[in-house]
Amino acid sequence: MARSYDPHSIEPKWQEAWDRDGLYAVSEEPGRPSYYVLEMFPYPSGDIHMGHVRNYTIGDVVARQLTMGGHKVLHPMGWDAFGLPAENAAIKSQTHPATWTYGNIEKQTASFKRMGFSYDWNRKVVSSDVDYYRWGQWIFLKFWERGLVERKSSPVNWCPSCKTVLANEQVLGGGDCWRCHSQVEKRELEQWYFKITEYAQELLDSLDQLAGWPERVKTMQANWIGRSEGAEVDFTLCDAEGEPTDRTITVFTTRPDTLFGCTFFLLAPEHPLVHELVHETEYAGPVRAVVDAAARETAVERASGEAEKVGAFTGRYVVNPVNGEKVPIWVSNYVLMEYGTGAVMAVPCGDQRDFEFARKYGLAIPPVVVAEDDTLLGELRDQRERVMDDVPWDVAYDGPGLMVQSGQFTGTPTGKGGEGMRAVTEWLAERGQGRFSVNFRLRDWLISRQRYWGNPIPAIHCAACGLVPVPEDQLPVVLPSDVDVTKGETLADHPEFYETTCPKCGGVARRETDTMDTFTCSSWYYFRYADARNDQAIWDKDKVDYWLPVDQYIGGIEHAILHLLYSRFFTKVFRDMGLCDFGEPFTNLLTQGMVRMDGEVMSKSKGNVVAPEDMIAEYGADTMRAYILFMAPPDKDLEWSFEGIDGMYRWLSRVWRLVAETAEETASGCGVAASGDEAAKTLHREMHRVIGKVTDDVSRFQLNTSIAALMELTNAAYDYRNSVAQGERDLPLIRDVAENLTKLLAPYVPHMAEELWREILGKDGSVHQQEWPAFDASAAAADVVEMAVQINGKVRARISVEADMQEEHVIEVALTAASKWLEDVEVKKVLVVAGKLVSIVVG
RNA sequence: GGCGGUGUAUCCGAAUUGGUACAGGAGGGGGCCUUAAAAGCCCCUGGUCGCAAGGCCGUGUGGGUUCGAAUCCCACCACCGCUACCA
């Protein structure tokens, strides 16, 4: 009797063998189709969690199946190793961040090997290795050469807990730090930026090319980039006496057609002009109060939408370019310095915020756009001058309509994208007081961090020469290892690091002590996998052209904007630098769902973590892999449950017995002629149906249904055994089923399949290097099909007909089968859906 | 408030894109094997009416389009996610 399924004895054995034989090492082979499967590389926190298991198992199944299907598959893994947790852990446990990080990498690598993932570890990249981060510094210098690096002072997000600044993308809704969830503060600081806004338009436009990306990710990116079309309008600033000066303040507006309804003008509290306008005037006090209140206002209050709109008049005016009216300048907390120009033309009849503000402070609300069905229109239709100073509305109107009280533009149809917008903007442009303009919500990417455990920014501050890039031949700027992080030290506390000389003038200079955002490391790692050990160049373009772009990228939805936007930006710059020929890095994207428990995302802080290692210890990695895939489709959230894992183990044991017993039964050869009876035909057909189903399901990432199909094939094989006595079985067939089932299982349960293949079925070579079973559509097709007969949409009968029966004949059979429903009625129409149903319409 | 997603059996979920609703698993029930249990193997498992054949109802709710709707359209409800004073 064959031994039973014992994952714990076979899994470590094959893991070692695969390692020893270098089974998963790949190289370029021009002429053969390449495929690049990539899962987002992890931060080495030390533990693997269910999210990792799910993410990496999905990728592993795809990689293994495509390899068997004849592709050269690149399936690498590495570590996003810089970052703050290492520093926090260092302080907590009095170790060095490097010790902690590399220790975790070792632990986690062992966990990944226990899962049986098919990575080519020769291509491993670790972002904290100097061999890797030196090229990150090189990228920084190249970006600088291309004018994409800028150091500027600006209000930035400061996380008091992480003691560093953050990019806009890294501040969550509600104003929380993405990493530690502390409240972020605004500070005016000089920082380093990557000018991602230079690529804003292209980042938006080329989303259209990403047919293989989920719609919602593209929508999120488009919203984040936030393109608005409109106009810039120049308002002339008046002096303290109310006389026009030669200075102007420019605003951005999406509704230049409402300019005649502008009754006040707003500046953000942080606007540099505010102080000057009210300095030593009676208005200084109230304005100061608004500015101070806004500074105290936390992001939460702002984000809640509950923040009361407050404002104060500055005592000064601007001139409205369309009608020469003097408009009072106010300061209010609802104007954002970060968006547009930090100044707004307020049109209370058309903008809800302006409307509320006007009502609160008793400012005029003259209607300038009126809907065609509004009763006001009768009164105002041809009214060029302003005769009405308030509207009888409860809310602002921003829909389409006709322009009124708008001088020569009165009567023009308008609305978003309407004729009035163009007419007013053209008129302004002719006078040099405005122009068409496009505004983006996307800000430049703040990349400097005041932390130790990151990639040093290769720049030098020289009193004489200003900012000087570290010359390329002086790279890398090595991160010194003797900084005492446990005392909270950073590079700025380390004179040996920052004391240097200017590469230009040779004078005394100071090396930059900020490090780069870790998202700069993860923006190009997938390029480096193509040529990970290159120490002469960042990569060999031929290798990148062979493997990239990534055919299938798999990762969490949490990077819908952050990592995926930054990576798209990097790729476009690389293309412009001639480092690659494409502008989009990831052809297909799968955002796998989260693993939850009790309705919440699994996390240490919630205490609802199920450790994969415990599951492996109990059931083995193969059961764990198959189970997590089977629980839900990969892109959906998954509610963890212990309920079904026994069932998965049971099925695998069942497969084991089937294959083992078949191996015994056919041990002395399959010399018996095929019986060709009905049961055998059914099993043969089922085998081919499942080959087709599994192959197709994997291409659509329906890994839960592909496993279901494999279960069906198992059931069909058992049905055959139960219906045909031993000795009468079709031995070539059952042998074929056992071998094909083993191959089909190989991507899901690689260890078990390998053991069955080599030890039980006695084959030479790894199952993972076998050819994927070929799908024979004709073998999978049934020769008799069951069809439904519908009468007026209701199923009234079922018929079994030959699959190739002529349509007229099928109709005949259907009419006979449903004859009792057809008495005393007239058949008006008959439709046949081949192999499915016959629909009869009667009157 | 805006954008997006989801809603199918007791539970997780299928339904190859408008064609026989509920595959597969879990859970539940029954049987075989066994002195017994475990394991294994087999069968049943939406509601309702009916002795049965079969009928009727059923994919969050209500309408619509169609010979035919879980699938398309409209309105609404619930839950989840992202985003939020973006001028």
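Chain letters run A, B, ... following the sequence lines, proteins first and then strands; every chain starts at 1.
At the heavy-atom level, A:G226 lies nowhere under 4.0 Å from the strands shown. When heavy atoms are screened at a 4.0 angstrom cut-off, A:R796 is found touching the sugar-phosphate backbone but no base atom. Contact annotation for A:R353: base contact, defined as any heavy-atom pair under 4.0 Å involving a base atom. Base engagement by A:S839 is indicated by at least one non-hydrogen atom pair under 4.0 Å involving a base atom. Residue-level contact check: A:N715 touches the backbone only, with heavy atoms under 4.0 Å from sugar-phosphate atoms and none from bases. Contacts of A:D354 with the nucleic acid, taken as non-hydrogen atoms under 4.0 Å apart, are absent. At the heavy-atom level, A:Q352 lies nowhere under 4.0 Å from the strands shown. Here A:D646 lies out of heavy-atom contact (under 4.0 Å) with every strand. Within 4.0 Å of A:N792, counting heavy atoms only, lie sugar-phosphate atoms of the nucleic acid but no base atom.
Judged by distance alone, the side chains of A:T197 and A:D444 do bring a donor and an acceptor atom under 3.5 Å apart. A side-chain donor from one of A:D257 and A:T414 sits under 3.5 Å from a side-chain acceptor of the other. With 3.5 Å as the limit, one finds a donor-acceptor pair spanning the side chains of A:D646 and A:Y619. Side chain to side chain, A:R654 and A:N715 meet the donor-acceptor criterion of an N or O pair below 3.5 Å.
A donor-acceptor contact under 3.5 Å is formed by the side chain of A:K309 with the base of B:C85. For A:Q790 and B:G19, a side-chain-to-base donor-acceptor distance below 3.5 Å is present, hydrogens and geometry of angles not being considered.
Phosphate proximity of B:C41 to A:R657: present, with a side-chain N or O under 4.0 Å from OP1 or OP2. For A:K794 and B:G19, the shortest distance from a side-chain N or O to OP1 or OP2 is not below 4.0 Å. Side-chain nitrogen and oxygen atoms of A:R654 include at least one within less than 4.0 Å of the OP1 or OP2 phosphate oxygen of B:C42. Put simply, A:N722 has no side-chain N or O that comes within less than 4.0 Å of OP1 or OP2 on B:C41. Here A:R650 reaches the OP1 or OP2 of B:A26: one of its side-chain N or O atoms lies under 4.0 Å away. Of the side-chain N and O atoms in A:S228, one or more sit less than 4.0 angstrom from OP1 or OP2 of B:A87. Phosphate contact (OP1/OP2 of B:C85, side-chain N/O of A:N333, threshold under 4.0 Å): absent.
Across B:G64 and B:C57, the matching P atoms stand 16 Å from one another, rounded to whole Å. The same atom, P, is picked in B:C80 and in B:C12; the two are 15 Å apart, to the nearest Å. Taking the C1' atoms as reference points, B:C3 lies 35 Å from B:U10, given to the whole Å. Atom name P, nucleotides B:C41 and B:G24: the rounded distance is 15 Å, in whole Å. Taking atom C1' in both B:U8 and B:C22, one finds a spacing of 7 Å when rounded to whole Å. Nucleotides B:C42 and B:G18 are separated by 38 Å at their C1' atoms, to the nearest Å. Straight-line distance between the P atoms of B:A39 and B:A26: roughly 13 Å, to the nearest whole Å. The separation of B:A9 from B:A14, taken at their P atoms, amounts to 13 Å, rounded to a whole angstrom.
With B:A14, B:U16, B:G27 as the choices, the nucleotide that has an atom nearest any side-chain atom of A:N704 turns out to be B:A14. Checked against B:U16, B:C41, B:A23, the side chain of A:Y718 finds its nearest nucleotide in B:C41. The A:T254 side chain lies nearest to B:A87 when the options are B:A87, B:U6, B:G27.
Both tests hold for A:K309 against A:Y334: distance to the six-membered ring centre under 6.0 Å, angle to the ring axis within 45°.
Using a 4.0 Å cut-off between charged nitrogen and carboxylate oxygen, A:R359 and A:E356 do not count as a salt-bridge pair.
With contacts defined as side-chain heavy-atom distances shorter than 4.5 Å, the pair A:M615/A:M50 qualifies.
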